[in-house]
Amino acid sequence: MPRIVVDVMPKPEILDPQGKAIVGALPRLGFTAFSQVRQGKRFELTVDGEVTEEILAQARTAAERLLSNPVIEDVVNVEVVAD
Amino acid sequence: MSATELPLIGDYSTPVTALSGARIGVVTFPGTLDDRDAARAVGLAGAEAVSLWHADSDLADVDAVVIPGGFSYGDYLRAGAISRFAPMMDKIIDAANSDAKLPVLGICNGFQILTESHLLPGSMIKNDHLKFLCRDQVLRVDNNSTAWTNQYAQGEEITVVLKNQDGQYVADEKTLDALEAEGRVAFSYVGWNPNGSRRNIAGITNAAGNVVGLMPHPEHAVEAGFGPDHTGTDGLGVFASVLTHLVGGQK
């Protein structure tokens, strides 16, 4: 069944405390090439049947209204993934 | 009083006043923790606490509403994000925005629900140090003209409990400037900033002053023997304020 993937990231100007903690842990494991980490969220919405334009539009609206908070987050990607 | 009567250490009986008829709703969501404490604080202030269930859509004619703290829906998605769409919240949002301007107080998770509901601006993210924190916290009352702060002196410092993990208040610079310029910062942290909140903001109000949200817990500082430093009852003023507001006693 097809899925709609929604990716949500903290806004660039919002400090991401979790990403900051992760970037601090990386060098301890020998990964020294990464200067910044930002942690986001990936949602997978499964659709029974075909993903129509209307269903995709619903996913975009749900992403803005529920899956993300526009004060602190951006919806950076909404796409259909076929299995 | 005769000399043989016991001296007043404190009178903890419920006062019988004109305010005693007020009915204050306390909303319970799945995962709410502090509804019983909030209801007790309402009772100690002299009003009747009315339990409201998140899935109902009847406000039961309450005169004001407290949205208490806890971890509604386990903080899944974002703190307050799922509770915000409960049927009871639709009623509360409408009533808060109506001409009647229902007084609404959000404490901790309740504050997060109010920002997710857009009744208050901004949002909360994880504490900058990433740890859960529980301590006595000094706050300054920066606006004593709201429905929930009118029994404090302007600039008064109070001590209540702070306990949260997602307590870092954030908003864009324009919103923060507006909040400060319009006197809509209701409470700010004094001494240190426990979670990285912008501009030391601990609580804010809407423009009308009927909707207030704060991260610390006034309902845990209402009874001698149980509050901060075992004596503190500084939080009682929040609940006394709304009763005063309801009888038109805004000073």
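Below, chains carry the letters A, B, ... as their sequence lines are ordered, and counting in each starts from 1. Treat the numbers as computed from the prediction; the structure is a model and nothing was measured.
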Original post:
Is there a donor-acceptor pair under 3.5 Å between the side chain of Lys20(A) and the backbone N or O of Asp128(B)?
Top reply: no
Subject >> side-chain contact (heavy atoms from CB on, under 4.5 Å) evaluation trace for Lys126(B) with Asp16(A) >> reply: CA-CA 8 Å; Lys126(B) 278 199 193 318; Asp16(A) 172 18; over 6 Å; no
**OP:** Flag yes if more than 12 heavy atoms outside Glu53(A) fall under 6.0 Å of its CD atom; otherwise flag no.
**Re:** no
Original post:
Is it true that a side-chain atom of Arg78(B) and a backbone atom of Leu66(A) form a donor plus acceptor pair closer than 3.5 Å?
Top reply: yes
**OP:** Look up atom CD1 in Ile14(A) and atom CD in Gln168(B), then write down how far apart they are to the nearest 0.5 Å.
**Re:** 8.0 Å
Subject >> Residue Gln18(A) versus chain B: region with a heavy atom under 4.5 Å >> reply: both
**OP:** Using a cut-off of under 4.5 Å on heavy-atom pairs, state which of Ile82(B), Thr115(B), Ile125(B) scores highest against chain A.
**Re:** Ile125(B)
Original post:
Would the number of heavy atoms belonging to other residues, nucleotides or ligands and lying under 6.0 Å from CZ of Arg38(A) be above 12?
Top reply: yes
**OP:** Below 4.5 Å from any heavy atom of chain A, which atoms of Leu77(B) appear? Answer side chain, backbone, both or neither.
**Re:** both
**OP:** Might you confirm whether atom CZ of Phe132(B) has over 12 heavy atoms from other residues, nucleotides or ligands at distances under 6.0 Å?
**Re:** yes
Original post:
Would a 4.5 Å heavy-atom cut-off, applied to side chains only, mark His129(B) and Pro17(A) as touching?
Top reply: no
Subject >> Top contributor to chain B contacts, counting heavy-atom pairs under 4.5 Å, from Asn69(A), Ile72(A), Val71(A) >> reply: Asn69(A)
Subject >> Whether over 12 other heavy atoms sit under 6.0 Å from Glu50(A) CD >> reply: no
Original post:
What part of Asn127(B) gets closer than 4.5 Å to chain A, counting heavy atoms only: side chain, backbone, both or neither?
Top reply: backbone
